[in-house]
Amino acid sequence: MIDKLNIVKQRFDEVTDLIIQPDIIADQKKYIQLNKEYKDLKALMDVRDTYIELTGNLKEAEEIIADGSDDEMVEMAKMQLEEAKEELPALEEKIRFMLVPKDPEDAKNCVVEIRAGTGGDEASIFAGDLFRMYTKYCEGRGWSTSVVDLNEGTSGGYKEIIFEVNGEDVYGVLKFEAGVHRVQRVPQTETQGRVHTSAATVMVLPEAEEFDVELDMTEVRIERTTSTGPGGQSVNTTYSAIKLHHEPTGMIVSCQDQKSSHKNLEKALKVLRSRLYDMELEKKQAADSEKRKSMVSSGDRSAKIRTYNYPQGRVTDHRIGLTLYDLGNIIDGDIQKIIDELQLVANTEKLKESNEIF
């Protein structure tokens with residue numbers, strides 16, 4: 001394993017030298033990419049230092065025990081040997097997972113789109129619950145969220161809500177949330193107390209940088225309208241709302257969250273770029289048979305991924321067969337334990353695919 005880590009150390013030294021070169025700093029795209037690589041490699045270097053220290057302790061202890069001339073030193077060495085042997089397997093497992101190649105998209109910010117599915121008003125209310133769950137989770141991670149566009153439900157919640165998330169490794173975490181989420185509960189409007197099943201679809205798109213997607217503005221028709229719905233004095237008075245029509249694909253993106261027309265245009269373009277970038281990614285993933293077979297792939301957006309069962313207080317993630325009886329906390333934003341399990345499965349699959357022997 002140390003040989004593999006030493007190869008990584010060589011690359012870390014190269015990147016450390018590259019990011020201070022003036023020509024790299026001048027090339028913003030290259031500089032951002034190298035900075036991200038530096039950060040990932042630095043985490044591996046810290047673990048490498050621990051690994052070297054631990055294997056050094058183990059070797060030193062074995063030498064003292066083999067010498068056997070000082071009883072007190074031998075006793076201390078035995079303790080040191082036991083500690084090192086205990087810690088080493090877990091550290092080696094951690095290194096194996098850290099050496100799994102990361103998707104370059106994982107470090108990106110993302111755009112999340114939640115749409116009410118089957119279930120009428122109850123589906124809109126559930127879409128609202130999911131939005132609250134994600135914003136609470138993001139808040140706990142120190143990530144910022146910003147609404148791009150929304151269409152409110154008639155009895156609460158949202159028929160559709162689009163928001164962006166900014167922070168560290170956002171897409172790499174939230175991409176596992178893409179798919180159909182199902183809720184089983186007695187709706188507020190139900191008089192007979194019967195449990196209904198409703199659904200909402202979640203899409204998670206990696207946010208495209210300007211250099212990721214060449215957007216030809218001659219193919220984009222910009223429509224400026226007045227804002228609708230609640231929002232104060234600027235609603236229905238100023239032409240600040242933006243609707244983009246992308247002629248080649250037929251995509252329509254709206255944004256009316258900001259009072260400024262310029263800011264709404266900026267946000268709408270960000271969503272359009274992200275959708276176009278996601279289309280290209282989908283094509284790439286479709287060509288990759290291993291990704292298609294992945295249990296936790298976010299490719300199939302029609303797949304039912306999770307059920308929230310209120311009568312039983314149960315949440316089940318169908319991809320990995322994980323059931324937790326902690327619905328209250330989960331719907332309140334505590335989804336880390338589910339994401340951890342999904343990431344573990346994804347990394348284990350990648351580890352098998354890479355066929356690396358350490």
Side-chain angles (χ1 to χ4, degrees), residues 1-20 34-103 106-107 137 140-143 167-169 172-173 176 295-296 317 320-326 329-330 334-358:
M1 186 174 279
I2 196 66
D3 291 341
K4 184 78 177 173
L5 287 169
N6 286 340
I7 293 166
V8 177
K9 171 79 165 64
Q10 286 175 8
R11 177 59 185 163
F12 176 71
D13 292 340
E14 279 174 32
V15 173
T16 305
D17 184 53
L18 282 168
I19 56 173
I20 57 169
L34 283 170
N35 251 312
K36 283 174 182 171
E37 189 181 354
Y38 173 84
K39 200 172 182 183
D40 289 340
L41 292 173
K42 178 71 172 72
L44 251 172
M45 289 304 98
D46 293 343
V47 177
R48 175 182 174 271
D49 292 343
T50 308
Y51 182 76
I52 289 169
E53 186 186 344
L54 211 54
T55 49
N57 289 348
L58 196 139
K59 192 180 177 186
E60 182 188 44
E62 284 172 340
E63 285 170 358
I64 292 168
I65 292 165
D67 177 75
S69 58
D70 186 326
D71 290 347
E72 197 176 324
M73 287 291 284
V74 167
E75 278 306 306
M76 286 174 66
K78 281 179 180 175
M79 285 171 65
Q80 186 171 298
L81 185 72
E82 281 306 305
E83 277 176 23
K85 280 185 172 178
E86 213 172 279
E87 289 175 33
L88 211 53
L91 186 64
E92 286 178 341
E93 189 66 11
K94 183 180 179 180
I95 291 167
R96 283 190 184 95
F97 280 117
M98 287 180 82
L99 285 169
V100 171
K102 279 190 175 183
D103 289 335
D106 283 358
Y137 173 70
R141 291 284 301 242
W143 298 341
E168 195 175 316
D169 295 328
V173 174
F176 297 107
M295 285 167 67
V296 295
D317 196 288
I320 53 174
L322 175 70
T323 293
L324 298 168
Y325 288 89
D326 191 23
N329 285 322
I330 289 167
D334 185 12
I335 57 172
Q336 190 59 53
K337 61 197 94 165
I338 301 174
I339 287 168
D340 286 345
E341 291 295 326
L342 290 163
Q343 284 182 321
L344 181 64
V345 170
N347 283 340
T348 305
E349 285 178 357
K350 281 185 188 174
L351 206 56
K352 285 176 189 168
E353 283 168 30
S354 64
N355 285 322
E356 296 268 4
I357 298 167
F358 297 95

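What you are looking at is a predicted structure, and each value in this text was computed from that prediction instead of being measured.
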Check: Between atom OG1 of T16 and atom CG of L34, what is the distance when rounded to the nearest 0.5 Å?
Finding: 10.0 Å
Check: Do E14 and R11 meet the salt-bridge criterion of a basic N to acidic O distance under 4.0 Å?
Finding: yes
Item checked: Spacing of I330 atom CD1 and I335 atom CD1 [to the nearest 0.5 Å] -> 9.0 Å
Notebook entry, point to check: Taking C-beta and beyond as the side chain, do D49 and E53 meet within less than 4.5 Å on heavy atoms?
Noted result: no
Checklist line | Side chains of I95 and R48 in contact at under 4.5 Å (non-hydrogen atoms) | finding: no
Check: Using 4.0 Å as the upper bound for N to carboxylate O, is an ion pair formed by D46 and K42?
Finding: yes
Notebook entry, point to check: To the nearest 0.5 Å, what is the distance between CG (D334) and CG (D326)?
Noted result: 6.5 Å
Check: Got E75 and K78 here, is their nearest side-chain heavy-atom distance under 4.5 Å?
Finding: yes
Next item on the list: Check the surroundings of atom CD in E168: do more than 12 heavy atoms from other residues, nucleotides or ligands lie under 6.0 Å from it?
Entry: no
Item checked: pair D340-Q343: side-chain heavy atoms closer than 4.5 Å -> yes
Next item on the list: With rounding to the nearest 0.5 Å, note down the distance linking OG1 in T348 to CG in L344.
Entry: 4.5 Å
Notebook entry, point to check: Looking at I52 and T55, what are the two nearest heavy atoms and their distance?
Noted result: O-OG1, 3.1 Å
Checklist line | Donor-acceptor pair, side chain of N6 and main chain of I2, under 3.5 angstrom | finding: yes
Note to self: Quick check: closest heavy atoms across L99 and K4, and the distance to 0.1 Å?
What the structure shows: CD1-CG, 3.6 Å
Check: Do you know the tightest heavy-atom contact between A77 and A61?
Finding: O-CB, 3.3 Å
Margin query: Tell me if the NZ atom of K337 is crowded by more than 12 foreign heavy atoms within 6.0 Å.
Written below: yes
Margin query: Over 60° means perpendicular and under 30° means parallel, so tell me whether Y137 and W143 are parallel, tilted or perpendicular.
Written below: perpendicular
Next item on the list: Using a 4.5 Å cut-off on heavy atoms from C-beta on, say whether the side chain of N347 contacts that of R96.
Entry: no
Could you go through residues 80-88 and list every donor-acceptor pair under 3.5 Å that involves a side-chain atom there, pairing it with any protein atom two or more places apart or in another chain?
from, atom 1, to, atom 2, distance (Å)
Q80, NE2, N57, O, 2.9
Q80, NE2, E60, OE1, 3.1

Note to self: With side chain to side chain contact (heavy atoms under 4.5 Å, CB included) as the criterion, how do D317 and E341 come out once you've worked through the C-alpha distance, each side chain's angles and the decisive distance to 0.1 Å?
What the structure shows: CA-CA 10 Å; D317 196 288; E341 291 295 326; over 6 Å; no
Item checked: T50 OG1 to K94 NZ distance, which is reported to the nearest 0.5 Å -> 7.5 Å
Item checked: I19 CD1 to N35 CG distance, which is reported to the nearest 0.5 Å -> 5.0 Å
